[in-house]
Number of protein chains: 2
Amino acid sequence: MARAATTSDTFNAIAEPQRREILMLLRGGERPVTELARDLGMTQPQASKHLRVLREVGLVRVRGAGKQRLYDLDARGLRPVHEWVGGFERFWSESFDRLDEYVQELKQARQEEPHDGDDQ
Amino acid sequence: MARAATTSDTFNAIAEPQRREILMLLRGGERPVTELARDLGMTQPQASKHLRVLREVGLVRVRGAGKQRLYDLDARGLRPVHEWVGGFERFWSESFDRLDEYVQELKQARQEEPHDGDDQ
DNA sequence: TTGACGCATTCCCATATAGGCATATGATGG
DNA sequence: CCATCATATGCCTATATGGGAATGCGTCAA
C-alpha cells in the first residue's frame with residue numbers, strides 16, 4: 001500500500017524537501033505561486049501541486065488577490081509534529097550524555113595505560 | 001522521481017506511522033524485533049524492514065544479543081527535525097492570536113448589526 | 001552436525017507520488 | 001466577448017515503497 005496519502009498527513013506533507021522550502025519561504029509573508037516557483041527554481045505546475053498538498057493538510061491558506069492567488073503560512077498544523085518530536089528531547093540529550101561519558105572513559109583509559117600509537 | 005529515498009532522510013523516515021510507533025516503543029528501552037512486531041501488530045519481516053530504514057537514517061542502533069538483535073533508540077537524529085519545526089513556533093502562536101482576533105471581530109460584528117439567520 | 005529459533009532479505013504486486021507537458025479555468029482589461 | 005496573465009488540473013511515465021509470502025543466514029543447544 002505504498003505510503004499514507006500525503007494529503008491527509010502533516011508528517012508526509014513536510015517529508016518533501018521542496019514543500020519544506022515553500023513553508024520556509026512563506027515565513028516571510030504571503031506570496032503568489034509564480035514567485036514561489038521562481039524563487040525555488042521549480043515550474044509553476046509543480047509549485048501549484050505542492051501548494052495544493054500543503055493546503056489540504058492545512059499548512060497554508062490561500063487568498064485571491066486579483067488574478068493572483070496569495071499563499072500564506074498557517075503553521076498551526078506543525079504544532080503536533082513539534083510536540084511529537086519533542087517527546088524525544090530527553091533521549092537525544094541522554095544520547096549526548098552517553099557520548100560524553102564515552103569520551104571521558106576513553107580519555108581516562110588513555111591516561112592510565114598509555115600505549116604507543118594511542119595518540120595519533 | 002517519486003519521493004526522496006527514506007533511507008537518506010529523517011523526515012521521510014518518520015513520515016511512516018508505523019515507524020513512529022516503533023520509535024515511541026523504543027523509548028521504553030531496547031527490544032528484540034519479534035517483540036516489537038508483536039506489540040505493534042505487524043509481521044516480523046515488516047518490523048525488520050522498518051527497523052532497517054530507521055537504522056539507515058541513524059534513529060536506532062542494533063546490538064546482537066545471542067540469537068536476538070536488540071534495537072535501541074538513538075534520538076539524536078530527531079534534533080534537527082525538532083529544530084526545523086521549532087522554527088515555525090512563533091508562527092503558530094501568531095496564528096492562534098489571529099484566529100482569536102478573528103473570533104472577536106465576528107462576535108462584535110454580530111452584536112453591532114444582528115441579521116436574521118446570523119445564528120443558525 | 002543437525003534442528004530450532006530469531007531475524008534479514010528477496011521477489012512480486014498494487015499504489016502513491018513527483019516531474020514534465022499540455023491544457024482547462026479564472027479573473028482582468030479593452 | 002476576446003486576449004492575456006496567473007493558476008490549477010489532467011495525463012503519462014519512472015520510481016519508491018509498503019505488504020505478503022517464502023527463503024536465506026547466523027546463533028545456540030544437544
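Just so we're on the same page: letters track the sequence lines, and every chain starts at 1.
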> Hey, does the side chain of Q68(B) come within less than 4.0 Å of dG26(D)'s phosphate (OP1/OP2), counting only N and O?
no
> Do I14(A) and V57(A) have side chains that approach each other closer than 4.5 Å (heavy atoms only, starting at C-beta)?
no
> Which dot-bracket notation, 5' to 3', represents the base pairing of DNA chain C when pairs are defined as Watson-Crick or G-U with both distances under 3.5 Å, crossing pairs as [ ], and inter-strand pairs as |?
||||||||||||||||||||||||||||||
> Would you sort out whether V53(A) and N12(A) count as a side chain to side chain contact (heavy atoms under 4.5 Å, CB included), showing the intermediate values?
CA-CA 10 Å; V53(A) 174; N12(A) 268 300; over 6 Å; no
> Are any of the side-chain heavy atoms of M42(A) and I22(A) separated by less than 4.5 Å?
yes
> Between dG19(D), dA18(C), dT9(C), which nucleotide gets closest to the side-chain atoms of R55(B)?
dT9(C)
> Of the non-hydrogen atoms in T10(B) and G77(B), which two are nearest, and what is the gap between them?
CG2-O, 3.8 Å
> Hey, is the side chain of R69(B) poking within less than 4.0 Å of OP1 or OP2 on dG6(C), counting only N and O atoms?
no
> Between H50(B) (NE2) and dT9(C) (C1'), how many Å, whole number?
15 Å
> Check whether any side-chain heavy atom of R79(A) lies under 4.5 Å from a side-chain heavy atom of F88(B), and answer yes or no.
no
> How many Å lie between CE on M42(B) and C1' on dG18(D), as a whole number?
11 Å
> State, yes or no, whether a side-chain contact exists between R69(B) and R63(B) at a heavy-atom distance under 4.5 Å.
no
> Whole Å only: how far is the CG atom of D9(A) from the C1' atom of dA16(C)?
13 Å
> Taking atom C1' of dT7(D) as reference, at what distance in whole Å does atom CZ of R38(A) sit?
16 Å
> Counting only side-chain heavy atoms from C-beta out, which of dG18(D), dG19(C), dA8(D) sits nearest to E16(B)?
dG18(D)
> Taking OP1 and OP2 of dA8(D), is either one under 4.0 Å from a side-chain nitrogen or oxygen of Y71(A)?
yes
> Does V85(B) reach the side chain of V85(A), with side-chain heavy atoms less than 4.5 Å apart?
no
> Which whole-number value in Å describes the distance from E30(A) CD to dT7(D) P?
12 Å
> What is the distance from CG of L70(A) to C1' of dT7(D), rounded to the nearest Å?
12 Å
> E56(B) has an atom CD; how far is it from atom P of dA16(D), in whole Å?
14 Å
> Mind calculating the distance between CG (L51(B)) and P (dG6(C)) to the nearest angstrom?
16 Å
> Check nucleotides 20-28 of chain C for protein N or O atoms closer than 3.5 Å to its own N or O atoms and list the pairs.
unit_1: dG20(C); atom_1: O6; unit_2: K49(A); atom_2: NZ; d: 2.4

> Is there a side-chain contact between W84(A) and V81(B) (heavy atoms, below 4.5 Å)?
no
> Can you tell me if the side-chain N/O atoms of R52(B) get under 4.0 Å from OP1 or OP2 in dT9(C)?
yes
> If you check every side-chain atom of V33(B), which of dG19(D), dT9(D), dA8(C) has the closest atom?
dA8(C)
> Should L23(B) and L70(B) be counted in the same cluster of Ile, Leu, Val, Met, Phe, Trp and Tyr side chains packed under 4.5 Å apart?
no
> Flag the pair R31(B) / D39(B) as yes when at least one side-chain heavy-atom distance between them is below 4.5 Å, and no otherwise.
yes
